[in-house]
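The structure under discussion appears below in the form of C-alpha cells.
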Amino acid sequence: MATRDVENGPVLGTPDDFSDRPERQGRFVVHVVIAILVAIVAGGWGYVMWTATGQATVPQQVVAFDASRPDSAGITFEISRPAGKGVVCRLRATDANHVEVGSKEVKIPAGEGYIRLKERLDTSAQASSVHIQACYLV
C-alpha cells in the first residue's frame, strides 16, 4: 500500500486492501430478546388500559331536574341494576358556566331491575342543571 502512487488510486484504498469484516454472532438472539421485551411491554400496557375503566357502569337516565331554588336542586332519575348488586351514583349540579355548585353520592341497596329515585342536592349557588356524573356497581 505504501508503494502505490496516491494520484492513481483512491486515498483510502480499495476494498481489497482491507481484511474481511468478522462475522457477527448472536444477532438473531438480540432480535428475539428485543421482540420479547416489546411483547411484554405491549401486553402490560394493554392490560393496564383494559383494567383502567374501573368498575362496571350502570345504565341510568335523568327523568327530570329542578334548579329553581338558589340553595338546592332536585333530580329524578332511573337506574337499572343487576340482581344482588348495590349501586353508588354521583349526582352533580352545575351553574350556567358549567361550574360545579353541588354534588352528592347516593348509595342504592342491592336489588333487581329499574328503580326511580328523587334526590335533593344542597348547592353553593344557583344551579342551572343537575345530572348523573356516574353510577357504579358496588
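Owing to the predicted nature of the structure, the values given are computational and were not obtained by experimental measurement.
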Indicate yes or no: at least one non-hydrogen side-chain atom of [X] is less than 4.5 angstrom from one of [Y].
| X | Y | answer |
| --- | --- | --- |
| I79 | C89 | yes |
| E119 | F77 | yes |
| R120 | D66 | yes |
| V106 | L91 | yes |
| I75 | V62 | yes |
| V88 | C135 | no |

Discussion item. Under a 3.5 Å distance rule, please check whether S72 uses its side chain to pair with a backbone N or O of T123 as donor and acceptor.
Written reply: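 The answer is no, because no donor-acceptor pair under 3.5 Å joins these two groups.
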When clusters are formed by joining ILVMFWY residues with side-chain heavy atoms under 4.5 Å apart, either directly or through shared neighbours, do [X] and [Y] land in the same one?
| X | Y | value |
| --- | --- | --- |
| V32 | I40 | yes |
| V29 | L37 | yes |
| I36 | F28 | yes |

ask   = Which residue pairs pass the salt bridge (charged side-chain N to carboxylate O under 4.0 Å, His left out) test with at least one member in residues 108-118, sequence neighbours excluded?
value =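 Counting only pairs at least two positions apart or across chains, the salt bridge (charged side-chain N to carboxylate O under 4.0 Å, His left out) contacts touching residues 108-118 are E78-R116.
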At what distance, to the nearest 0.5 angstrom, does [atom1] of [X] lie from [atom2] of [Y]?
| X | Y | atom1 | atom2 | answer |
| --- | --- | --- | --- | --- |
| S80 | I115 | OG | CD1 | 11.0 Å |
| L121 | E100 | CG | CD | 9.0 Å |
| R81 | Y114 | CZ | OH | 12.5 Å |

message: Testing the 3.5 Å rule here: is there a donor-acceptor pair between the side chains of R92 and Q133?
response: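 On atom types as modelled, these side chains do not qualify, holding no pair under 3.5 Å.
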Show the atom names and distances, to 0.1 Å, of all donor-acceptor pairs under 3.5 Å that link a side chain in residues 125-132 to residues at least two apart or in another chain.
| residue | atom | partner | partner atom | Å |
| --- | --- | --- | --- | --- |
| Q126 | NE2 | A67 | O | 2.4 |
| S128 | OG | T94 | O | 3.3 |
| S128 | OG | D95 | O | 2.9 |
| S128 | OG | A96 | N | 3.2 |
| S129 | OG | T94 | OG1 | 2.9 |

Using the side-chain contact (heavy atoms from CB on, under 4.5 Å) criterion, which residues pair with P82? Sequence neighbours excluded.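 With sequence neighbours excluded, P82 shows a side-chain contact (heavy atoms from CB on, under 4.5 Å) to K85, L137, given in chain and number order.
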